[in-house]
Amino acid sequence: MYNFDQIIDRRNTSCVKYDNLVNVFGSTDILPMWVADMDFQVAPEILDAARECCEKGVFGYTFRSDKAKQAFADWVARRHGWQVDTRWLLSSPGIVTALALGVRVYTEEHDKVMIFTPVYPPFYAVVKDNNRELVCSTLNVENGHYQINWEDVEKKLKNGVKLLIISNSHNPVGRVWTKEELTRIGALCLQYGVTILSDEIHSDLALFGHKHVVMASLSPEIAAITVTMMAPSKTFNIAGMMNSVVVISNPELRRPFEKELLCLHLDLGNIFGHVTLEAAYKHGDAWLDEMVRYLEKNILFADQFLREELPSVKMILPEGSFLLWLDLRATGLSHEQIQEKLLHEAKLGLNSGTDFGPEGEGFFRMNIGCPLETVKEGLERLKKAFK
């Protein structure tokens, strides 16, 4: 029904993924498969909503309407079985902004904030840039599967951690945390008085039968210590609209967060962000379901290609999202040597694994949220450089 095979030329549109290549990779003749936005055209209902807004020709101050809030509430009830009150919803320009606000609101300088690593680079930045103490718990890899090191987690939580930031689903390793895992995290945080910032931006992109579980849906007690952050940006490829949703059921947590939003004048948002959010959550089900099936096809193609054509490059089948965590350690090359070959021989732009922490040495992240022909081209370039 939808044409996810369509190649869209995104160059010369001030697009970070394509037009910032020279600043990131030092060259423009690179196939960009790095930054986490997709190359698919958005759902037609989103385009229609943006056109209708545009045709009015007036773009004044705006805010998230009650209809848009209800569209989100209906979406999470429909897709995740999570019942939310629209009075719990706050607006933020983006989830990274919301994470930084959460660090500032719920901790003081030099307080301990814990993350699971390797992880999305802004998790480090929002802690360090706000002069908090970063506490890392490294995920274990068991039989090609990333797992939480429970002994390490509890040891560190009981040692004065004030805030836990979790990536659910986890970027970059592709884990969709199970209900049992999240419940155990929640119980530990309750036990040791730790507030949770749950980044659930990839929540709608669970793959291969895996089911996303909202942290705050587990129990009223866990909800009371959890700040949930979601957005239509990854799901519907509208990251440029700069619009995300922060859900806080506990008024004791919600009031100071809202105060900080108002203090920094970050509450209004932009008109196109609001209308596209509403359209996406009202009408996006069919597009999303078909797009997820397309992502699964891309991932299975990549998995088979690597096993058959390039066995020195391993990948763990992701449980969620459109990002592959590629393990190139078996090539026998150093991380720097791998990066040089990627840039100068493969002409391929991937995210360096070390950006996600020292555990990413020898790993690179590949974005396959693009037409299958682009995936094929990227893998052929990889094969040419490392065969």
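In what follows, residues are counted from 1 in the order of the sequence shown. Values reported hereafter were calculated over all heavy atoms of this structure, with side chains retained and with hydrogens, waters and symmetry mates removed.
Side chain of Asn140 to main chain of Gln147: no donor-acceptor pair is present (N/O by atom type, distance under 3.5 Å, no hydrogens or angles). No donor-acceptor pair closer than 3.5 Å links the side chain of Ser92 to the backbone N or O of Ile95. A donor-acceptor pair under 3.5 Å is absent between the side-chain atoms of Tyr294 and the main chain of Pro371, judged by distance alone. With hydrogens and angles disregarded, a donor-acceptor distance shorter than 3.5 Å links the side chain of Asn298 to the backbone of Cys370. Using modelled atom types, no side-chain atom of Glu290 and backbone atom of Trp287 make a donor-acceptor pair closer than 3.5 Å. At distances below 3.5 Å, at least one donor-acceptor pair connects side-chain atoms of His170 with backbone N or O atoms of Pro118. Judged by distance alone, the side chain of Arg11 and the main-chain N or O of Asp9 form no donor-acceptor pair under 3.5 Å. Although no hydrogens or angles enter the test, the distance criterion places a donor-acceptor pair under 3.5 Å between the side chain of Trp177 and the main chain of Ser167. The backbone N or O of Ile299 sits nowhere less than 3.5 Å from a side-chain atom of Asp303 that would complete a donor-acceptor pair. Between the side chain of Asn143 and the backbone N or O of His145 there is no donor-acceptor pair closer than 3.5 Å.
A donor-acceptor contact closer than 3.5 angstrom links the side chains of His202 and Ser321. Gln70 and Tyr281 share no side-chain donor-acceptor pair at under 3.5 Å. Side-chain contact of Thr117 with Glu359: a donor-acceptor pair under 3.5 Å is present, judged by distance alone. When only modelled atom types and interatomic distance are considered, Asp152 and Ser137 share a side-chain donor-acceptor pair under 3.5 Å. Counted by atom type alone, Tyr18 and Asp39 present one or more donor-acceptor pairs between their side chains at under 3.5 Å.
Around atom NZ of Lys179, no more than 12 heavy atoms belonging to other residues, nucleotides or ligands sit under 6.0 Å away. Under a cut-off of 6.0 angstrom, the local environment of CD in Glu308 is crowded, with over 12 non-hydrogen atoms contributed by other residues, nucleotides or ligands. Within a 6.0 Å radius of CD in Gln304, no more than 12 heavy atoms belonging to other residues, nucleotides or ligands are found. Counted within 6.0 Å of NZ on Lys17, heavy atoms from surrounding residues, nucleotides or ligands total more than 12; the atom is thus considered enclosed.
Looking at Tyr106 and Phe257, their side chains come closer than 4.5 Å, going by heavy atoms from C-beta outward. Side-chain contact check for Ile201 versus Ser233: some heavy-atom pair is nearer than 4.5 Å. With a 4.5 Å cut-off on side-chain heavy atoms, Cys53 and Phe272 count as touching. For the pair Thr276/Val42, no side-chain contact is recorded, criterion being any heavy-atom separation below 4.5 Å from C-beta on. Side-chain contact between Lys162 and Thr195: absent, with no pair of heavy atoms (C-beta onward) separated by less than 4.5 Å. Counting heavy atoms from C-beta outward, Asn270 and Phe59 have side chains that stay 4.5 Å or more apart. Put simply, the side chain of Thr226 reaches to within 4.5 Å of the side chain of Ser198, judged on heavy atoms. When side chains are defined from C-beta on, Leu164 does not count as touching Leu197, because their heavy atoms never get closer than 4.5 Å.
Residues in residues 194-214 take part in no salt bridge (charged side-chain N to carboxylate O under 4.0 Å, His left out) pair, two or more places apart or across chains. Applying the salt bridge (charged side-chain N to carboxylate O under 4.0 Å, His left out) rule to pairs touching residues 318-327 yields Arg175-Glu319, Asp327-Arg329, sequence neighbours excluded. Listed by first and then second residue, the salt bridge (charged side-chain N to carboxylate O under 4.0 Å, His left out) pairs involving residues 333-343 are Lys341-Glu345 (not counting sequence neighbours). Pairs of residues two or more places apart, or lying in two chains, that qualify as salt bridge (charged side-chain N to carboxylate O under 4.0 Å, His left out) and include a residue from residues 57-84 are Arg78-Asp285, Arg79-Asp285, Arg79-Asp289.
Taking each heavy atom of Ala73 and Thr86 in turn, the nearest pair found is CB-CG2, 4.1 Å. Between Leu382 and Val313, the shortest heavy-atom contact is CD2-CG1, 4.3 Å. Here the closest heavy-atom approach between residue Val84 and residue Trp88 is recorded as CA-CZ3, 3.6 Å. Between Ala49 and Ala279, the shortest heavy-atom contact is CB-CB, 3.7 Å. Listed here is the closest heavy atom pair of Ala187 and Ile222: N-CD1, 4.4 Å. Nearest heavy-atom pair, Pro93 versus Leu266, reported as atom, atom and distance to 0.1 Å: CD-O, 3.8 Å.
By the criterion of side-chain heavy atoms lying less than 4.5 angstrom apart, applied directly or through intervening Ile, Leu, Val, Met, Phe, Trp or Tyr residues, Met242 is not grouped with Val35; the two fall into different hydrophobic clusters.
For Lys347 and Asp29, the salt-bridge test passes: some basic side-chain N is under 4.0 Å from an acidic carboxylate O. Ion pairing of Lys56 with Glu52 is present here, as a side-chain N (NZ or NE/NH1/NH2) and a carboxylate O approach within less than 4.0 Å. Ion pairing between a basic and an acidic side chain is recognised when a charged N comes within 4.0 Å of a carboxylate O; Arg381 and Glu377 show such pairing. Under a 4.0 Å N-O distance rule, the pair Arg10/Asp37 qualifies as a salt bridge. Taking the charged nitrogens against the carboxylate oxygens, Lys282 and Glu278 do have a contact shorter than 4.0 Å, which makes a salt bridge. Between Asp48 and Arg51, at least one side-chain nitrogen of the basic residue sits less than 4.0 Å from a carboxylate oxygen of the acidic one, meeting the salt-bridge criterion.
Distance CD1/Ile30 to NE2/His344: 8.0 Å, rounded to 0.5 Å. Atoms OG and CZ, from Ser352 and Phe25 in turn, are 9.5 Å apart once rounded to the nearest 0.5 Å. Remark: Leu348 CG to Glu380 CD distance equals 12.0 Å, nearest 0.5 Å. Put simply, CD on Glu133 and CD on Glu109 are 13.0 Å apart, with the number rounded to the nearest 0.5 Å. Between Leu205 atom CG and Glu296 atom CD the span is 10.5 Å, to the nearest 0.5 Å. Separating the CG atom in Leu101 from the CG atom in Leu261 is a distance of 5.5 Å, to the nearest 0.5 Å.
In this structure, Arg365 forms no cation-pi arrangement with Trp34, as its terminal cationic atom is not both closer than 6.0 Å to the ring centre and no more than 45° off the ring axis. Both tests pass for Lys376 against the ring of Phe301: distance under 6.0 Å to the centre and angle within 45° of the axis.
The aromatic ring centroids of Phe236 and Trp75 lie less than 6.0 Å from each other. Taking the six-membered ring wherever Trp is involved, the centroid distance between the rings of Phe364 and His335 falls below 6.0 Å. Taking the ring centroids of Tyr2 and Phe40, they lie at or beyond the 6.0 Å cut-off.
Every residue meeting the salt bridge (Lys or Arg N to Asp or Glu O under 4.0 Å) condition with Glu252, not counting sequence neighbours, appears here in chain and number order: Arg255. Annotation: salt bridge (Lys or Arg N to Asp or Glu O under 4.0 Å) contacts of Glu108 (sequence neighbours excluded): none.
When the options Val127, Val161, Leu163, Thr107 are evaluated for a side chain to side chain contact (heavy atoms under 4.5 Å, CB included) with Lys112, the one that passes is Val161. When each of Leu139, Leu323, Val141 is paired with Val173, the side chain to side chain contact (heavy atoms under 4.5 Å, CB included) condition holds for Leu139 and for no other.
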